[in-house]
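See structure below.
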2 protein chains.
Amino acid sequence: MTNDPSTCSNAVLRQAMRRIGQLYDEALAPSGLRATQHGLLATVRKMGSPTMRELAERTVMDLSGLSHTLKPLTRDGYLELVPDPRDGRVRRITLTEKGEIKLGETAKLWRGAQDRFEAVFGKERAVALRSELRFLTSPEFQDAFNDTGAETRTVTR
Amino acid sequence: MTNDPSTCSNAVLRQAMRRIGQLYDEALAPSGLRATQHGLLATVRKMGSPTMRELAERTVMDLSGLSHTLKPLTRDGYLELVPDPRDGRVRRITLTEKGEIKLGETAKLWRGAQDRFEAVFGKERAVALRSELRFLTSPEFQDAFNDTGAETRTVTR
DNA sequence: CTTACATAGGTGCATATGCAAGTTATTGGA
DNA sequence: TCCAATAACTTGCATATGCACCTATGTAAG
């Protein structure tokens with residue numbers, strides 16, 4: 001079968017994401033945060049006070065998707081959207097004190113999952129895998145993908 | 001920063017999934033199917049008439065999640081849930097004729113995305129990546145992950 | 001200034017998924 | 001035969017996300 005779904009890069013990626021997501025979610029469960037939420041808070045902390053767009057780009061998310069996803073986090077007081085005084089259109093995302101405290105709580109939990117991941121999968125191997133995955137999210141890859149065989153497709157974007 | 005979110009295996013996996021999902025979705029758009037839906041239909045065809053549980057395991061999905069995800073596909077007539085005469089609890093998922101026709105339609109589209117993926121990423125490299133991702137979904141990995149450092153955590157499952 | 005356009009976000013709608021609970025059908029004993 | 005433990009689903013609720021569309025704001029031309 002040339003169209004064997006078991007060779008579909010997208011399907012395999014999704015399956016791995018489901019499993020790993022489950023494992024990280026389970027590890028973070030005691031904190032009440034999902035792995036995705038923890039990732040967002042940690043990324044905001046690292047970036048300072050990014051705008052919606054900046055955070056969306058960094059996380060490879062759709063701007064509107066991010067808008068939805070942030071709702072539970074702002075509702076629970078971990079993040080706040082502050083209007084930028086320079087540009088009335090911009091909202092800067094800031095980590096609240098409650099958010100920082102929560103991140104302090106999750107540090108050990110996340111670290112535990114991360115360490116177990118590397119212990120089981122292998123440190124070097126994990127680094128290599130993340131490197132490959134990061135390449136997939138690079139604009140070079142996206143552009144090359146969209147250009148390849150473009151003649152036979154309708155040009156988008 | 002030891003807790004740099006850019007090194008989170010889960011986060012990086014999710015980001016890659018979003019991007020690749022977007023690319024495959026775009027490629028399949030003319031058919032009206034999402035990449036996930038196409039994957040499900042193709043998997044059902046390959047498996048014959050799997051039960052919910054069998055399909056859930058194969059796709060690394062939660063049984064209830066699968067139940068939800070199948071709704072649009074049964075609603076649109078691509079799949080049908082047939083009660084198993086042997087066991088009243090079981091529902092066998094069958095691809096309808098409409099589903100087969102649709103899969104015929106998507107064959108070229110999916111193939112195009114898959115080929116472009118391998119052309120850009122590299123055939124060998126793609127095979128290797130999928131192999132690594134498949135390992136992450138294996139029960140061996142899951143068990144090892146859950147056992148590692150289990151002493152310090154509440155035993156689950 | 002005023003208009004045309006580009007930017008940053010927000011909303012509605014729809015799919016994708018997982019967990020906790022509830023329902024129904026099986027099955028392994030006592 | 002009847003019950004307790006299981007197994008296979010379904011449903012309600014909540015988060016995760018993307019697309020199309022709408023609004024407000026900023027900006028470059030005229």
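First the proteins, then the strands, lettered A, B, ... as listed; each starts at 1. Values below: every heavy atom of this structure, side chains too, minus hydrogens, waters and symmetry copies.
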* To do: Round to the nearest Å and state the distance from B/Arg34 atom CZ to C/dT17 atom P.
  => 10 Å
* **For B/Asp62, salt bridge (charged side-chain N to carboxylate O under 4.0 Å, His left out) partners two or more places apart** => none
* A/Glu26 CD to D/dT15 C1': how many Å, rounded? -> 18 Å
* **Cation-pi geometry met for A/Arg125 and B/Phe135 (6.0 Å, 45°)** => yes
* **Rounded distance (Å) that lies between atom C1' of C/dT17 and atom CZ of B/Arg18** => 14 Å
* To do: Measure the distance from CG on B/Leu13 to P on D/dA16 and round it to the nearest whole Å.
  => 16 Å
* Asked: Which residues, if any, of residues 67-99 of chain B bring a heavy atom under 4.0 Å of DNA chain D?
  -> B/Ser67, B/His68, B/Lys71, B/Leu81, B/Arg89, B/Val90, B/Arg91
* Quick one: list whatever passes side chain to side chain contact (heavy atoms under 4.5 Å, CB included) with A/Thr7, sequence neighbours left out. => A/Asp4, B/Trp110, B/Gln114, B/Arg130
* Partners meeting salt bridge (charged side-chain N to carboxylate O under 4.0 Å, His left out) with B/Arg134 (sequence neighbours left out) -> none
* Could you check how far OH of B/Tyr24 sits from C1' of D/dC19, rounded to whole Å? => 21 Å
* Between atom CG of B/Leu95 and atom OH of B/Tyr78, what is the distance when rounded to the nearest 0.5 Å? -> 11.0 Å
* Contact under 4.0 Å: A/Arg14 side-chain N or O vs C/dA16 OP1/OP2 -> no
* Just how far, in rounded Å, is C1' of C/dA16 from CE of A/Met17? -> 8 Å
* **Shared hydrophobic cluster for A/Ile101 and A/Leu79 (ILVMFWY, side-chain gaps under 4.5 Å)** => no
* To do: Write down the distance between CG (B/Leu23) and P (D/dC19), rounded to a whole number of angstrom.
  => 11 Å
* Structure fact -> Members sharing B/Val60's hydrophobic cluster, built from side-chain contacts under 4.5 Å between Ile, Leu, Val, Met, Phe, Trp and Tyr, are none
* **Salt bridge present between A/Asp87 and A/Arg89 (N-O < 4.0 angstrom)** => yes
* Scan residues 48-64 of chain A against DNA chain C and write down, sorted by residue number, each residue with any heavy atom closer than 4.0 Å; if none is found, say none. => A/Thr51, A/Met52, A/Arg53, A/Leu63, A/Ser64
* To do: Give a yes/no answer on whether the side chain of B/Gln22 brings an N or O atom under 4.0 Å of OP1 or OP2 in D/dT17.
  => no
* Asked: What is the minimum heavy-atom distance between B/Leu66 and B/Ala56, and which atoms define it?
  -> CD2-N, 3.6 Å
* Asked: In whole Å, what is the span from the CG atom of A/Leu66 to the P atom of D/dG18?
  -> 9 Å
